[in-house]
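For reference, the structure is listed below as structure tokens.
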There are 2 protein chains.
Amino acid sequence: MRTLKYALLGLINRQSMSGYDITREFNNNKLANFWHAKHSQVYPELNRLTEEGLITCELVNLTDKFEKKMYTITDAGKKEFAAWLSEDEPLAPTPKDVFRLRMYFCENMTPQELSQHLDNAVLQHEKSLAKLMHIMSDTYGNVPPEICTQAYGDYMVLEGAILREKSYLEWLHKCLDRM
Amino acid sequence: MRTLKYALLGLINRQSMSGYDITREFNNNKLANFWHAKHSQVYPELNRLTEEGLITCELVNLTDKFEKKMYTITDAGKKEFAAWLSEDEPLAPTPKDVFRLRMYFCENMTPQELSQHLDNAVLQHEKSLAKLMHIMSDTYGNVPPEICTQAYGDYMVLEGAILREKSYLEWLHKCLDRM
DNA sequence: GGAGCCATGTAACATGTTACATGATTAT
DNA sequence: ATAATCATGTAACATGTTACATGGCTCC
């Protein structure tokens with residue numbers, strides 16, 4: 001389905017970006033809550049999109065010797081991206097989760113081991129939730145931006161990530177309550 | 001990390017199984033709520049585990065001409081599986097989600113298009129939730145089995161899947177309420 | 001001068017999907 | 001007979017990770 005392709009087109013559609021900028025978005029920013037890619041995957045894909053005429057590349061001189069490659073979306077790129085956005089795709093298969101896999105095999109654990117795993121997961125997800133909620137209140141003060149804006153996209157997925165973490169914690173606590 | 005390896009070892013540890021049986025677990029049964037694999041991935045991995053001495057293979061004749069391969073875990077396999085089970089792994093990166101990616105780019109949608117996407121997702125997740133809750137009440141009558149049993153592992157991940165779907169729906173409804 | 005970040009790329013490997021291939025059994 | 005399911009495999013391809021490789025800039 002080449003989802004990475006559309007992630008890149010969507011980002012470059014927001015504004016011209018370099019491969020490094022895109023990688024940073026994937027690893028540090030809001031996108032990390034539902035998509036990610038390493039630079040080793042991003043750079044080849046940018047070259048491919050350029051060959052396909054969906055983006056163009058411009059060399060920008062930062063200093064005499066030091067350049068960066070800024071990518072801009074083309075009309076063809078905008079068209080393909082818009083077509084993908086409007087697609088009505090089927091429900092994705094449930095995401096893989098190694099922790100759930102371990103829990104599934106709890107018949108091989110003592111109650112002590114089981115609750116230790118659960119406790120550890122609680123700590124990890126509480127930390128992750130706290131971080132997300134901090135970003136939320138810092139950025140939006142919990143007030144949603146106007147719908148169908150760039151900020152609203154950011155807000156929606158952040159809200160979704162918070163609910164996801166809360167739900168994971170709810171599950172872990174239900175399991176712990178039965179111990 | 002070779003997670004598939006441990007998924008297979010865990011299943012074969014429960015009882016001797018064929019590659020076909022395992023594939024069926026992955027695609028039809030409770031495992032589908034957090035792990036899955038196609039037969040084209042399962043069969044080579046079974047051969048690899050056999051070579052590594054973690055499982056053994058026995059040909060069982062169903063009829064004169066028709067055989068199936070039943071795999072059984074070895075002591076070495078049990079040991080490796082137990083070691084993996086007790087590992088305390090770091091928080092996994094958030095799972096990729098194409099729907100959230102689309103929502104992230106909502107600045108390119110009209111409110112009509114956005115709410116249409118949300119409505120469609122609601123239908124899909126409601127269907128999925130209904131199915132899970134049906135399995136839950138049918139199998140357990142909502143009464144959790146004794147902890148650290150095979151049935152309890154099944155129950156835990158099913159409960160987790162239900163909470164996950166409920167949380168996804170809560171997010172979608174929050175988004176729709178703002179439209 | 002060294003640490004950390006900016007910036008771009010490739011190679012080898014691991015994982016996962018789709019398609020190709022075959023053949024028996026069971027229920028209608 | 002024919003469709004669905006049981007049963008096992010391989011080949012080609014797509015996706016994603018880790019490691020290798022290079023070099024400049026900025027702050028301390």
Side-chain angles (χ1 to χ4, degrees), chain A residues 1-8 12 16-29 31-32 34-52 55 57-71 89-90 92-98 101, chain B residues 1-8 12 16-29 31-32 34-52 55 57-71 89-90 92-98 101:
Chain A
M1 310 152 298
R2 293 192 61 191
T3 310
L4 180 60
K5 163 180 166 178
Y6 298 105
L8 297 189
I12 297 168
S16 294
M17 295 180 104
S18 69
Y20 190 83
D21 295 333
I22 289 168
T23 305
R24 201 179 336 86
E25 290 285 313
F26 276 139
N27 297 319
N28 307 338
N29 289 43
L31 251 88
F34 57 90
W35 209 267
H36 51 90
K38 319 258 164 163
H39 75 274
S40 57
Q41 209 183 349
V42 170
Y43 289 118
E45 186 67 26
L46 285 170
N47 287 329
R48 189 170 170 188
L49 294 177
T50 307
E51 278 167 37
E52 291 172 341
I55 55 176
C57 174
E58 191 194 1
L59 276 168
V60 175
N61 293 330
L62 298 180
T63 65
D64 256 14
K65 303 180 167 185
F66 197 40
E67 302 182 316
K68 66 189 289 187
K69 294 184 172 179
M70 294 300 282
Y71 292 93
E89 60 157 37
T94 53
K96 293 182 174 183
D97 185 329
V98 184
L101 184 65
Chain B
M1 309 153 298
R2 293 193 60 193
T3 311
L4 180 60
K5 163 180 165 177
Y6 298 104
L8 297 189
I12 298 168
S16 294
M17 296 180 104
S18 69
Y20 190 84
D21 295 332
I22 288 168
T23 305
R24 200 178 338 86
E25 290 286 313
F26 277 137
N27 296 319
N28 307 339
N29 289 43
L31 251 87
F34 56 91
W35 209 266
H36 51 92
K38 319 258 164 163
H39 75 273
S40 56
Q41 210 184 349
V42 170
Y43 289 118
E45 186 66 27
L46 285 171
N47 287 331
R48 188 169 170 190
L49 294 177
T50 307
E51 277 167 37
E52 291 171 340
I55 55 176
C57 176
E58 192 194 2
L59 275 169
V60 174
N61 293 330
L62 298 180
T63 65
D64 255 14
K65 302 181 170 187
F66 197 41
E67 301 181 316
K68 67 189 287 186
K69 294 183 172 180
M70 293 300 281
Y71 291 92
E89 61 156 35
T94 53
K96 294 183 174 181
D97 185 329
V98 184
L101 183 65

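The chains referred to below are lettered A, B, ... by the order of the sequence lines, with proteins before strands, and numbering in each begins at 1.
- Within 4.0 Å (heavy atoms only), Ser40(A) reaches at least one base atom of the nucleic acid.
- Atom-to-atom, OH of Tyr71(A) to P of dG9(C) comes out at 5 Å; the value is rounded to the nearest Å.
- Within the nucleic acid shown, Thr23(A) has no heavy atom closer than 4.0 Å to any nucleic acid atom.
- Under the 3.5 Å distance criterion, the side-chain polar atoms of Asp21(B) are matched with a main-chain donor or acceptor of Ser18(B).
- Looking at the side chain of Phe66(B), the nearest of the listed nucleotides dT17(D), dC6(D), dG9(D) is dC6(D).
- Rounding to whole angstrom units, CG of residue Asn28(A) and C1' of dC5(C) are separated by 11 Å.
- Per the geometry, CG belonging to Leu101(A) stands 15 Å off C1' belonging to dT15(C), to the nearest Å.
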Check: Under the side-chain contact (heavy atoms from CB on, under 4.5 Å) criterion, do Val60(B) and Glu67(B) qualify, and how do the steps go?
Finding: CA-CA 6 Å; Val60(B) 174; Glu67(B) 301 181 316; over 6 Å; no

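- Between the NZ atom of Lys68(B) and the P atom of dT25(C) there is a distance of 14 Å, given to the nearest Å.
- Put simply, NZ on Lys38(A) is 18 Å from P on dT8(C), counting in whole angstrom units.
- Spacing between atom OH of Tyr43(B) and atom P of dT18(C) amounts to 18 Å, rounded to whole angstrom units.
- Taking atom CD1 of residue Ile22(B) and atom C1' of nucleotide dA7(D), one finds them 13 Å apart after rounding to whole Å.
- The listed nucleotides are dG16(C), dC6(C), dG9(D); the one nearest the side chain of Tyr20(A) is dC6(C).
- In this structure, Met70(A) CE and Lys68(A) NZ are separated by 5.0 Å, a value rounded to the nearest 0.5 Å.
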